[in-house]
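What follows is a single structure, written as structure tokens, with notes after it.
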2 protein chains.
Amino acid sequence: MNISMKSRYAVRALTELSRRDESEPGKPVPLGDIAGARGMPLQFLEQVFAALRRAGIVRSRRGASGGYSLARPATEITVLEVVAALDGVPSPAECTQGLCDRADRCGAASVWIEAQQALETVLGTTTVGDLLAREDALRGGAPMYHI
Amino acid sequence: MNISMKSRYAVRALTELSRRDESEPGKPVPLGDIAGARGMPLQFLEQVFAALRRAGIVRSRRGASGGYSLARPATEITVLEVVAALDGVPSPAECTQGLCDRADRCGAASVWIEAQQALETVLGTTTVGDLLAREDALRGGAPMYHI
DNA sequence: TCATTTCCGATAATTCCAGTCAAGAATAGG
DNA sequence: CCTATTCTTGACTGGAATTATCGGAAATGA
């Protein structure tokens, strides 16, 4: 199972959302702002955030001065659950989901299972908060050359 | 990241091929035998093995009593290179292939890169020989637990 | 009321996947 | 040489997934 644009947009958008949540905690941010800030198609983001809301990752408020806000602190939202909400649990091969009836006598299944576990470890231990911190490090810590 | 049927068939087929290579080393095995032994569509396997040959993983001999044989010992063929030959290097997101022009200022790229590295570690350290050994362990009835 | 914004379903364009089909070329054995 | 076997290659297809876009409905604050 692939990590699609939906998941990638979601991660970017949540990073942006948590950036804004730092300055004005809890205040809803319109999707249009987020889409604009990161160059993502608004109507596609709407689909993405609908799924994020159903998964309990963001909260929404409708109407004027509405928008989306984080349902939990950014440091408690893992990349894994974001991906799971949009693409399902990422698995390199279907064997790893009990769909392979040969798994009990197929040595190959084990390697796909190990691969999936490695993926889950990385994605499950990285939070949106981490990504925001990394982004800040890139912006601030990157060498600044003057023209 | 998609590990397609091609790669999965390839891994299964190479395991079968190395099993036969054990009893009669270097002897070409017709694809029909391999397809039959593991219930895989022959004509699809032909595509798969054409790619494996181009990648230098197997050798072919045409004609009667021809077939495919391993180009190297099974213990020197990693699952990673098999997957790479058929699906390309597995990557969870395109960012990790230099296609994302935002990578230098996008904190999200880092997590996809780490995920890819974790995948490559698992797949790159498992060989077809390992899979054959695991399969034998499974057949021998001894349950095998791997950490 | 009105502008804003989320919500929801339909649809379209494109690409990918898994598998099939068909014709051709090389080879061993007789 | 003849023939069955086997690899080689490319085109093709049906279905599914991906990546959106469109149009409007419902809620909400000013």
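Proteins come first, then strands; the chains are lettered A, B, ... in the order of their sequence lines, and each starts at number 1. Everything numeric here is computed off the predicted structure, so don't read it as measured data. Values reported hereafter were calculated over all heavy atoms of this structure, with side chains retained and with hydrogens, waters and symmetry mates removed.
Scanning residues 23-30 of chain A for heavy-atom distances under 4.0 Å to DNA chain C yields A/Val29, A/Pro30.
Between A/Leu70 atom CG and A/Ile77 atom CD1 the span is 4.5 Å, to the nearest 0.5 Å. Put simply, CD on B/Glu76 and CD on B/Glu81 are 9.5 Å apart, with the number rounded to the nearest 0.5 Å.
For A/Ser4, counting side-chain heavy atoms from C-beta on, the closest listed nucleotide (D/dT19, D/dT9, C/dA22) is D/dT19. Relative to the side chain of A/Ser60, the nucleotides D/dT19, C/dA22, C/dT6 differ in distance, and C/dT6 lies closest.
In this structure, A/Tyr9 places its OH atom 8 Å from C1' of D/dT19, rounding to the nearest Å. One can place CD of A/Glu46 at 16 Å from P of D/dA25, the figure rounded to the nearest angstrom. Atom CG in A/Asp87 sits about 7 Å away from atom P in D/dT18, given to the nearest Å. The distance from atom CZ of B/Arg62 to atom C1' of D/dT3 is 17 Å, rounded to the nearest whole Å. In this structure, A/Lys6 atom NZ and D/dT21 atom P are separated by 13 Å, rounded to whole Å. Protein atom CZ of A/Arg61 is 9 Å distant from nucleotide atom P of D/dA30, rounded to whole Å. Atom-to-atom, CE of B/Met5 to C1' of C/dG19 comes out at 10 Å; the value is rounded to the nearest Å. For the pair B/Arg8 CZ and C/dA18 P, the interatomic distance rounds to 7 Å; values are reported in whole Å.
Shown here are the side-chain contact (heavy atoms from CB on, under 4.5 Å) partners of A/Ala133, two or more places apart in sequence or in another chain: there are none.
Looking at which nucleotide of DNA chain D each of A/Ala64 and A/Leu42 is closest to, the 5′-most match is held by A/Leu42. Map A/Ser65 and B/Ser65 each onto its nearest nucleotide of DNA chain D; the residue landing nearer the 5' end is B/Ser65. Each of A/Gly66 and A/Arg53 has a nearest nucleotide on DNA chain C; the 5'-most of these lies closest to A/Gly66.
Between B/Glu16 and B/Arg20, at least one side-chain nitrogen of the basic residue sits less than 4.0 Å from a carboxylate oxygen of the acidic one, meeting the salt-bridge criterion.
Checked by atom type and distance alone, the side chain of A/Ser18 pairs as donor or acceptor with a backbone atom of A/Thr15 at under 3.5 Å.
A donor-acceptor contact under 3.5 Å links the side chain of A/Gln47 to the base of D/dA20.
A/Tyr68 comes within contact range of the sugar-phosphate backbone alone, with a heavy-atom separation under 4.0 Å but no base atom that close.
B/Pro90 places a side-chain heavy atom less than 4.5 Å from the side chain of B/Leu80.
Between A/Phe49 and A/Tyr68, the ring planes are tilted. Angles from 30° to 60° get that label.
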